[in-house]
Every structure is written in structure tokens, then in C-alpha cells.
Amino acid sequence: MTVLSKTTGRPLDVITLRDLVVHCVIGVNPEEKIRSQLLRLDIKLYLDVSPAGLSGILSRTVDYSLIAKQLAFILTYSRFRLLESAAEALAVFLLTPAQGEALIQAVDIEIHKPEALGGVAIPSVRIYRDDESKSSWIKANPPSSILFQVPEAVMERKFVGPGAEILIGEGEDTAVLIESAGFVLADKALAIGSTLIGSKRLILHNSNAEERSILAVTFRGQQRFQLAEDRLH
């Protein structure tokens with residue numbers, strides 16, 4: 001598929017993540033609600049990579065290693081009834097950066113569910129979303145920390161001011177992904193992409209002189225962390 005830039009009119013470049021394997025609690029059948037199952041993703045990111053290609057500077061394009069980790073985080077620590085919801089959540093995240101101007105102008109997301117039909121067939125959902133889709137999300141949902149929510153899960157971006165702290169894990173069942181450098185937990189610096197899970201009380205400190213963000217996902221249901229631990233062992 002060719003996607004044209006709305007600013008230059010030229011075809012956008014494509015970065016592809018093929019066969020990204022993630023485990024997620026997803027489905028409407030009773031057994032699917034109590035165990036995680038394998039998903040296989042094909043992701044296409046439409047953007048202009050020439051600034052990075054001409055300069056050799058990573059920050060002028062997208063870090064696909066980090067994006068793979070972020071998408072895996074969202075699916076692993078969320079819960080969805082439908083593949084459609086999972087795909088929509090990923091699209092919202094990819095088109096809504098934490099800081100700066102969006103590099104990604106459109107996304108093509110296909111999610112395969114290989115175990116769903118016992119090998120008879122492999123169902124999948126594929127969606128395309130772009131800047132116009134983002135405008136409709138913003139119009140339907142006035143600005144807030146919540147990026148996406150369904151009855152079974154909520155995904156939100158929380159901003160922490162310079163030198164400020166944020167309390168997580170008190171009274172809620174939330175997993176957190178560090179989106180910005182400079183966060184400190186118990187005097188230990190946390191790298192971008194670090195994941196914190198569990199319901200215990202944690203205090204994150206933003207040591208930066210600028211506002212920074214974390215991505216938080218809440219699994220609305222029991223057994224999330226047990227399912228995640230079972231997958232990791």
C-alpha cells in the first residue's frame with residue numbers, strides 16, 4: 001500500500017515489524033479469559049525516514065527495538081475481548097507520541113490469533129489508521145491522561161513534572177512502562193523501556209529539569225500478574 005505525505009504529497013517510507021510474538025489475555029470464550037495466548041503481529045509504520053538516513057541520527061526516525069518492547073508491554077499487561085480492541089489500542093499509542101511532533105503519520109496493524117481455532121484456521125484483524133483517525137479520537141475524547149479504554153482494560157499516559165514524584169501501585173492493579181529517561185526508583189535510574197509490575201506501592205522520581213512521562217496499563221480483572229508470571233517461567 002502507498003501512503004502519501006499530507007505535507008509533501010510524496011509517498012511515505014515504511015518501517016516494518018514482522019512476526020512480533022506476544023502473549024495476551026484476549027477473547028470472549030470462558031477459557032480465554034483466564035489464560036494468556038500467543039498473538040503474532042505484523043506492523044507497518046509510515047513516515048519520512050530521509051532525515052535519519054541523511055544524518056545517521058536515530059532520534060530522527062523511530063527506534064523499532066523500543067517500539068517492539070512497547071507494543072509487547074501493552075498487550076501483555078492489558079486484557080481484551082476482541083482483536084479489534086487490541087489493534088485499536090496499539091494504533092492510538094503509535095500515533096500519539098509522549099513528546100515532540102509525531103514522526104509516524106500512519107500505521108497498518110495486523111494481529112493473528114494462531115491458537116484460537118485449534119489449527120483449523122488462523123483468524124486475524126487488520127486495521128489502517130492515520131492522522132485523520134487521531135483527530136477523530138481527540139474530538140471524541142477531550143484531552144486527558146487516558147489514551148484508550150474498554151471495560152476490561154485502560155491505557156493512560158501520566159506526565160510527571162520536573163523534580164516531582166508519582167505514586168503507583170497503591171489501590172490499583174497497574175503495570176508501568178518508563179517512556180522517558182531520568183526516572184529514579186529507590187535511588188536506581190530506570191532505562192527507557194523498563195517495566196514495573198505488581199500492585200505494591202512504588203514512588204518514581206523525575207530527576208529531569210523537564211516534564212517526563214510513563215505509560216500505565218490497568219488490567220481490569222483478576223489473575224493478571226499470575227498469568228504474566230506463568231508466561232515468564
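One distance of note links CG of D130 with CD1 of I104; it measures 13.0 Å at 0.5 Å rounding. To the nearest 0.5 Å, atom OH of residue Y64 and atom CG of residue L71 are 15.0 Å apart. Atom NZ in K113 sits 3.5 Å away from atom CD in E32 (nearest 0.5 Å). Of the inter-residue distances, the one linking K158 atom NZ with E179 atom CD reads 12.5 Å to the nearest 0.5 angstrom. Taking OG of S194 as the reference point, atom NZ of K69 lies at 7.0 Å (rounded to 0.5 Å). The line from CD1 of I214 to OG of S145 is 10.0 Å long, rounded to the nearest 0.5 Å.
With hydrogens and angles ignored, the 3.5 Å screen pairs a side-chain donor or acceptor of N206 with a backbone N or O of G161. At distances below 3.5 Å, at least one donor-acceptor pair connects side-chain atoms of D48 with backbone N or O atoms of S50. Checked by atom type and distance alone, the side chain of R157 pairs as donor or acceptor with a backbone atom of T96 at under 3.5 Å. Listed for the T174 side chain is no donor-acceptor partner under 3.5 Å among the backbone atoms of T218. In terms of modelled atom types and a separation under 3.5 Å, the side chain of E152 and the main chain of R81 share a donor-acceptor contact. Of the possible polar contacts, none joining the T16 side chain to the R18 backbone as a donor-acceptor pair under 3.5 Å is found.
Residues L94 and V62 form no side-chain contact, since every pair of their non-hydrogen atoms from C-beta on lies 4.5 Å or further apart. You'll find the side chain of L177 stays beyond 4.5 Å of the side chain of Y77, heavy atoms only. In this structure the side chain of T61 reaches within 4.5 angstrom of the side chain of L47, judged on heavy atoms. For the pair D42/D19, a side-chain contact is recorded, criterion being any heavy-atom separation below 4.5 Å from C-beta on. With contacts defined as side-chain heavy-atom distances shorter than 4.5 Å, the pair L83/L39 qualifies. The side-chain heavy atoms of I43 and V107, taken from C-beta on, include no pair separated by under 4.5 Å. Residues E156 and L147 form no side-chain contact, since every pair of their non-hydrogen atoms from C-beta on lies 4.5 Å or further apart. You'll find the side chain of V28 reaches within 4.5 Å of the side chain of L82, heavy atoms only.
Residues I67 and V14 do not share a hydrophobic cluster, defined by chaining ILVMFWY side chains whose heavy atoms lie under 4.5 Å apart. If you chain together hydrophobic residues whose side chains sit under 4.5 Å apart, L90 and L103 fall into the same group. V125 and F93 fall within a single hydrophobic cluster, where Ile, Leu, Val, Met, Phe, Trp and Tyr side chains are chained together by heavy-atom contacts under 4.5 Å. Hydrophobic clustering (ILVMFWY, side-chain heavy atoms < 4.5 Å, transitive): I127 and L75 are in one cluster. Hydrophobic clustering of Ile, Leu, Val, Met, Phe, Trp and Tyr side chains at less than 4.5 Å, counting indirect connections, keeps V3 apart from I109.
Taking all atoms of both residues into account, the shortest heavy-atom contact from S180 to I192 is C-CG1, 3.7 Å. Nearest heavy atoms, S124 versus E110: OG-OE2, 3.4 Å. G163 and H205 get closest at one heavy-atom pair: O-CE1, 3.2 Å. Between T2 and P11, the closest heavy-atom pair is CG2-CB, 3.8 Å. Of all heavy-atom pairs between A89 and F148, the closest is CB-CD2, 3.5 Å. Shown here for A116 and P123, the closest heavy-atom pair between the two residues is CB-CG, 3.9 Å.
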Before you tell me yes or no, could you show the steps for I146 and V154 under side chain to side chain contact (heavy atoms under 4.5 Å, CB included), namely the whole-Å CA-CA distance, both residues' side-chain angles and the distance that decides it to 0.1 Å? CA-CA 7 Å; I146 295 177; V154 60; 4.0 Å; yes

Might you work through the side chain to side chain contact (heavy atoms under 4.5 Å, CB included) test for L204 and V160, ending with a clear yes or no? CA-CA 9 Å; L204 291 178; V160 184; over 6 Å; no

Apply side chain to side chain contact (heavy atoms under 4.5 Å, CB included) to the pair M155 and S78, showing each step before the final yes or no. CA-CA 8 Å; M155 177 177 69; S78 293; 5.6 Å; no

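Using cut-offs of 30° and 60° on the angle between ring planes, the pair Y128 and Y46 is perpendicular.
Using a 4.0 Å cut-off between charged side-chain N and carboxylate O, R129 and E88 make a salt bridge.
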